[in-house]
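Below: the structure, in structure tokens.
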Amino acid sequence: MFKDALPSKVNPSRDISDPAVHLADWVVAMPHFEVQIHEEALGGEESPVSGQLIEKLTEAALTVYPESFRKLVGVELFGVPAGRWGVGGKVTEEPSPLVTLRSREGLFHHPDFVGAPARLISAITDAVVAVLGESVRERVMVRLVGIPAGRSGLGGELT
């Protein structure tokens, strides 16, 4: 199992389907999005908004990380009911998406992904705006959360 963000033996440009690449190494580093947003902004079951957000956020991650990461990018959407979202001490009906991207800390600073934090924040914001419209741009909050080596697990083992 790997101990750093990307061990020197793992080349980020290699395809994860390559049998020489241990899938668990990539899963540990997996970019994982959590999006909290007004339930109404997501629309109902027939609305394409959820699928569009999942697609655009995946593409945002791939502006920084290699195409081989596509299979590993996870996206979860959490709808917050009306009356349960506040800004500035007041309940608001205006969509104010909160996007959290979690991954191994080293992926934000790996030399193969120069400028990753700024590039990700910009691409993630643009992805949300592409789906919800320009009017939400100033309210899109993006948090990048790095998981230190030794602070996560896979299959019951510390990674």
Tell me whether the count of non-hydrogen atoms from other residues, nucleotides or ligands lying under 6.0 Å of CZ in R151 goes above 12.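 Result for CZ/R151: open.
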Rounded at 0.5 Å granularity, tell me how far NE2 in H110 sits from CZ in R104.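 Nearest 0.5 Å value for the NE2-CZ distance: 12.5 Å.
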What is the distance from atom CG of L42 to atom CG of L77, rounded to the nearest 0.5 Å?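 Output value for this atom pair is 6.0 Å.
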side-chain contact (heavy atoms from CB on, under 4.5 Å) partners of I121, counting only residues at least two apart: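 Residues passing side-chain contact (heavy atoms from CB on, under 4.5 Å) with I121: T125, V142, L144.
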In the single-linkage hydrophobic clustering (I, L, V, M, F, W, Y; side-chain heavy atoms under 4.5 Å), do [X] and [Y] co-cluster?
| X | Y | answer |
| --- | --- | --- |
| V80 | V99 | no |
| L98 | V131 | no |
| F113 | L57 | yes |

Enumerate the residue pairs fulfilling ring pair (Phe, Tyr, Trp, His ring centres under 6.0 Å) with a member in residues 70-91, sequence neighbours excluded, ordered by first and then second residue.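 For residues 70-91, and leaving out neighbouring residues, the ring pair (Phe, Tyr, Trp, His ring centres under 6.0 Å) pairs sorted by first residue read H38-W85.
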Provide the full list of side-chain hydrogen bond (donor to acceptor under 3.5 Å, both in side chains) pairs with a residue in residues 132-144, sequence neighbours left out, each pair given once.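 For residues 132-144: E94-R139, T100-R143, D126-R137, E134-R137.
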Pairs flagged by side-chain hydrogen bond (donor to acceptor under 3.5 Å, both in side chains) wherever residues 51-63 is involved - sequence neighbours left out: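 Listed by first then second residue: E59-R70.
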Sequence neighbours excluded, every pair satisfying salt bridge (Lys or Arg N to Asp or Glu O under 4.0 Å) that has a member inside residues 72-89: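 Passing the test, one end in residues 72-89: no pairs.
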Restricting to salt bridge (Lys or Arg N to Asp or Glu O under 4.0 Å), what partner residues turn up for E34, sequence neighbours left out?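 With neighbours one apart ignored, the set is R102.
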Closest approach of [X] and [Y], non-hydrogen atoms and distance?
| X | Y | result |
| --- | --- | --- |
| A41 | V49 | O-CG1, 3.5 Å |
| P81 | G79 | CD-O, 3.7 Å |
| E93 | A82 | OE1-CB, 4.0 Å |
| A61 | L120 | CA-CD2, 4.2 Å |
| G150 | L158 | O-CD1, 3.0 Å |

Does the side chain of F108 reach to within under 4.5 Å of the side chain of P31, using non-hydrogen atoms?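 SC-SC contact between F108 and P31 ruled out.
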Whether F69 and Y65 hold their rings parallel, tilted or perpendicular, with breakpoints at 30° and 60°: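 The rings of F69 and Y65 lie parallel, inter-plane angle below 30°.
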Other than V91, which residues form its hydrophobic cluster under the rule that side-chain heavy atoms must be closer than 4.5 Å?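 Result for V91 is none, singleton.
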For F33, check ring-ring contact (aromatic ring centres under 6.0 Å, His included) against everything at least two apart and list the hits.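 Listed in chain order: nothing, the list is empty.
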